[in-house]
Chemist: 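Just passing along the structure, written as structure tokens.
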Amino acid sequence: MPVLDWTLLLKLKEMFNSKFGSIPKFYVRAPGRVNIIGEHIDYCGYSVLPMAIEQDVLIAVEPVKTYTLQLANTNPLYPDFSTSANNIQIDKTKPLWHNYFLCGLKGIQEHFGLSNLTGMNCLVDGNIPPSSGLSSSSALVCCAGLVTLTVLGRNLSKVELAEICAKSERYIGTEGGGMDQSISFLAEEGTAKLIEFSPLRATDVKLPSGAVFVIANSCVEMNKAATSQFNIRVMECRLAAKLLAKYKNLQWDNVLRLDEVQAKLGISLEEMLLVTEDALHPEPYNPEEICRCLGISLEELRTQILSPNTQDVLIFKLYQRAKHVYSEAARVLQFKKICEEAPENMVQLLGELMNQSHMSCRDMYECSCPELDQLVDICRKLGAQGSRLTGAGWGGCAVSIVPADKLPGFLANVHKAYYQRSDGSLAPEKQSLFATKPGGGALVFLEA
């Protein structure tokens, strides 16, 4: 269980009182996460290896007799919001902060088939840097789900909660996998987790004691739901899975994920990479060629396969995306194996896998950006054994594995090389550079 900052809770309680004129009945926290390895593969059905961080979303809650949901945020950048608890509308066109809360609430409401929900006053606080790839939005969805469950006085397992919140975050228009919600609920202090899907389960992965993981924010913000890039990648993986299945004479029309092709063929990830070489070409595909390969019309492609926000995309890089997914899935398993076997040079070996992961994200999945590449390069030059982007990419954070004895010098030197720019272009409040250790999962605290 995380050590609760009681002064923070007291401050939140006072702010709640001045906002709503009453005292919260309980508090809920849900952590952010850093994905150590396994990027953009959870929605393809493959295992990932994240850990929860100590930074979290914290919500103070008071159930009320009315049917009104009132949301406020301690950060003045996020305006107050109120709505009827029985008429939850989520606007996909605008990823506003309160919509993430509504996702979690609606997920629980629909799971229990409830039409009438009690009202509540909620004050949201958090110290996960937004749009940084550390899952601040999913932490808010998970926190809201747990808030709603607690107000209803119902019970669900952590796995059920994670699955409901993963599904309900898609109300915002992001076709994500389930990693962020899973680690937020299933995390345990002191250990990373291998998260597997279908069925969802989490296995402890003991990280090397002689190394620390350092998170560095590139200070380029990327909002996953505000960009179509993320959803385009999901569709490229879906199309690659269908073309690979067709090439291997499998029933392709109900195949949605790259892991299904491997499972149906019963072969290894390394063999899947060879199949990808044979079946797909490195040149981008256009919609017409995809239709020819699958023997379908453009209309069928648009309405039956593509998501609404990817229907006008003109090029799809199927070969590159499949190569990334199958190679990254293999790196996750290698990473876990090295952690279990703990050879003497394990930090170096894990670092090499992280470096390979970044190269694949940059070149094959094209989800990096110049600032992230520069930051990763600086981290490696200044003592990290490995460094890679973490989270969706296109901005956000890098995670590095650093020998413990080199940590103080590493932090000072990266700060100087990346953050102390002569042009002063990086705002100080965005300068997130910190060592992290695996934190615990989501929790409810009752007001004493």
Chemist: Does Glu344 have any side-chain contact (heavy atoms from CB on, under 4.5 Å) partners at least two apart in sequence or in another chain, and if so, which?
Modeler: none

Chemist: Are the side chains of Val220 and Leu372 in touch, meaning some heavy atoms are under 4.5 Å apart?
Modeler: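 Heavy-atom side-chain distance check fails, nothing below 4.5 Å.
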
Chemist: Check for a donor-acceptor pair, side chain of Asp91 on one end and backbone N or O of Leu96 on the other, with a separation under 3.5 Å.
Modeler: no

Chemist: Is there a donor-acceptor contact under 3.5 Å linking the side chains of His358 and Asp373?
Modeler: yes

Chemist: For Lys337, is there an ion pair with Glu340 - N to carboxylate O distance below 4.0 angstrom?
Modeler: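 Lys337 and Glu340: not salt-bridged.
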
Chemist: Do NZ/NE/NH1/NH2 and the carboxylate oxygens of Glu189 and Lys437 come within less than 4.0 Å?
Modeler: no

Chemist: How long is the gap from CG on Leu69 to CG on Leu105, to the nearest 0.5 Å?
Modeler: 6.0 Å

Chemist: Applying side chain to side chain contact (heavy atoms under 4.5 Å, CB included) to Phe316 and Leu306, what does each step give before you reach the verdict?
Modeler: CA-CA 12 Å; Phe316 297 96; Leu306 297 178; 4.1 Å; yes

Chemist: Do you know the tightest heavy-atom contact between Val48 and Gly38?
Modeler: CG1-O, 3.2 Å

Chemist: Centroid separation under 6.0 Å, is that true for the rings of Phe230 and His40?
Modeler: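 Close enough - the centres of the two rings lie under 6.0 Å apart.
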
Chemist: For Tyr247 and Trp252, run side chain to side chain contact (heavy atoms under 4.5 Å, CB included): C-alpha distance rounded to whole Å, both residues' side-chain angles, the deciding distance at 0.1 Å, then the answer.
Modeler: CA-CA 9 Å; Tyr247 177 80; Trp252 63 266; over 6 Å; no

Chemist: Does any N or O in the side chain of Asn99 come within less than 3.5 Å of the main-chain N or O of Ile90, such that one atom is a donor and the other an acceptor?
Modeler: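 No; zero donor-acceptor contacts below 3.5 Å.
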
Chemist: Does Asn355 reach the main-chain N or O of Ser387 with its side chain, forming a donor-acceptor pair under 3.5 Å?
Modeler: yes

Chemist: Any non-hydrogen side-chain atom of Val214 less than 4.5 Å from a side-chain atom of Cys379?
Modeler: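 No, side chains not in contact.
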
Chemist: With heavy-atom distances below 4.5 Å as the criterion, would you say the side chains of Ser136 and Tyr100 are in contact?
Modeler: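 When only atoms from C-beta onward are counted, Tyr100 and Ser136 do not touch, as no gap falls below 4.5 Å.
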
Chemist: Quick one: pull up CD in Glu341 and NZ in Lys336 and give me the separation to the nearest 0.5 Å.
Modeler: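 Output value for this atom pair is 10.5 Å.
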
Chemist: By the definition side chain to side chain contact (heavy atoms under 4.5 Å, CB included), identify the one residue from Asn121, Val147, Leu123 that meets it with Val61.
Modeler: Val147

Chemist: Hey, can you tell me if His98 and Phe81 have their rings parallel, tilted or perpendicular (30° and 60° cut-offs)?
Modeler: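 Rings of His98 and Phe81: parallel, as their planes differ by under 30°.
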
Chemist: Quick one: does Tyr365's side chain get under 4.5 Å of Val325's, heavy atoms only?
Modeler: yes

Chemist: Could you go step by step and tell me if Glu188 and Lys193 meet the salt bridge (charged side-chain N to carboxylate O under 4.0 Å, His left out) rule?
Modeler: CA-CA 8 Å; Glu188 289 177 78; Lys193 295 278 185 180; 2.5 Å; yes

Chemist: Taking the side chain from Tyr418 and the backbone from Val376, do they hold a donor-acceptor pair closer than 3.5 Å?
Modeler: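 No, the answer is negative, given that no donor and acceptor are paired below the 3.5 Å cut-off.
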
Chemist: Checking the side chain of Arg321 only, and the main-chain atoms of Met364 only, is there a donor and an acceptor separated by less than 3.5 Å?
Modeler: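 Present.
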
Chemist: Considering only heavy atoms from C-beta outward, does the side chain of Glu283 approach that of Tyr319 to under 4.5 Å?
Modeler: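 Not touching, per the 4.5 Å side-chain cut-off.
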
Chemist: Determine yes or no for a side-chain-to-main-chain donor-acceptor pair under 3.5 angstrom, with Thr276 supplying the side chain and Met272 the backbone.
Modeler: yes

Chemist: Checking side-chain polar atoms at under 3.5 Å, does Glu352 have a donor or acceptor matched by the opposite partner on Gln348?
Modeler: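 Distance-only check passes for Glu352 and Gln348.
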
Chemist: How long is the gap from CD1 on Ile36 to SG on Cys339, to the nearest 0.5 Å?
Modeler: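 Reported value, rounded in 0.5 Å steps: 7.5 Å.
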
Chemist: Looking at Tyr27 and Leu58, what are the two nearest heavy atoms and their distance?
Modeler: CB-CD1, 4.4 Å

Chemist: Is the shortest side-chain heavy-atom distance between Val261 and Lys248 below 4.5 Å?
Modeler: no

Chemist: Quick check for you: to the nearest 0.5 Å, what is the distance between Ser307 atom OG and Asn231 atom CG?
Modeler: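 Answer for the OG-CG pair, Ser307 versus Asn231, is 5.0 Å.
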
Chemist: Do Met15 and Asp125 touch side chain to side chain, with heavy atoms closer than 4.5 Å?
Modeler: no

Chemist: Quick one: closest heavy-atom pair of Ile401 and Pro208, and the distance?
Modeler: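 So the minimum-distance heavy-atom pair works out to CD1-CG, 4.3 Å.
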
Chemist: Return the minimal non-hydrogen interatomic distance between Ser182 and Leu200, and the atom names on each side.
Modeler: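 Looks like OG-CD1, 3.3 Å.
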
Chemist: Restricting to non-hydrogen atoms, name the atom on Ile378 and the atom on Ala417 that form the minimum distance, rounded to 0.1 Å.
Modeler: CG2-CB, 3.8 Å

Chemist: Within the side chain of Gln262, is there an N or O that forms a donor-acceptor pair under 3.5 Å with the backbone of Ile267?
Modeler: yes

Chemist: Tell me whether Glu39 contacts the main-chain N or O of Ala392 through its side chain, where contact means a donor paired with an acceptor under 3.5 Å.
Modeler: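 Side chain of Glu39 to backbone of Ala392: no pair is present.
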
Chemist: Given 3.5 Å as the limit, does a donor-acceptor pair link the side chain of Ser218 with the main chain of Gly396, or not?
Modeler: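 Yes, Ser218 side chain to Gly396 backbone: donor-acceptor pair under 3.5 Å.
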
Chemist: Decide, yes or no, whether a salt bridge links Lys19 with Asp80 under the criterion of side-chain N to carboxylate O below 4.0 Å.
Modeler: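 Salt bridge: yes.
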
Chemist: Please check this pair: side chain of Thr191 against backbone of Val205, looking for a donor-acceptor N/O pair closer than 3.5 Å.
Modeler: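 Pair found, side chain donor or acceptor close to backbone of Val205.
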
Chemist: At their closest point, which heavy atom of Pro343 faces which heavy atom of Ile338, and how far apart are they?
Modeler: CD-O, 3.5 Å

Chemist: Is any NZ, NE, NH1 or NH2 atom of the basic residue among Arg331 and Glu328 found under 4.0 Å from an Asp or Glu carboxylate oxygen of the other?
Modeler: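 Yes.
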
Chemist: Got a second to check how far Gln229's CD is from Thr310's OG1, nearest 0.5 Å?
Modeler: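 Going from the CD atom of Gln229 to the OG1 atom of Thr310 covers 11.5 Å.
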
Chemist: Is there side-chain contact between Ile59 and Phe101, with at least one heavy-atom pair below 4.5 Å?
Modeler: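 Yes, at least one pair of side-chain atoms sits under 4.5 Å.
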
Chemist: Report the distance from atom CG of Leu156 to atom CG of Leu161, rounding to the nearest 0.5 Å.
Modeler: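 Interatomic distance, Leu156 CG to Leu161 CG, rounded to 0.5 Å: 5.0 Å.
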
Chemist: When you check the side-chain N and O atoms of Ser138 and Glu169, is any donor under 3.5 Å from an acceptor?
Modeler: yes

Chemist: Pair Phe434, Glu54 - check side chain to side chain contact (heavy atoms under 4.5 Å, CB included), show working.
Modeler: CA-CA 11 Å; Phe434 56 92; Glu54 289 148 329; over 6 Å; no

Chemist: Just do the side chain to side chain contact (heavy atoms under 4.5 Å, CB included) check on Phe410 and Val212 with the steps written out, would you?
Modeler: CA-CA 11 Å; Phe410 176 80; Val212 276; over 6 Å; no

Chemist: Pro199: which residues meet the side-chain contact (heavy atoms from CB on, under 4.5 Å) condition with it, sequence neighbours left out?
Modeler: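 For Pro199, the residues satisfying side-chain contact (heavy atoms from CB on, under 4.5 Å) (neighbours in sequence not counted) are Arg201.
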
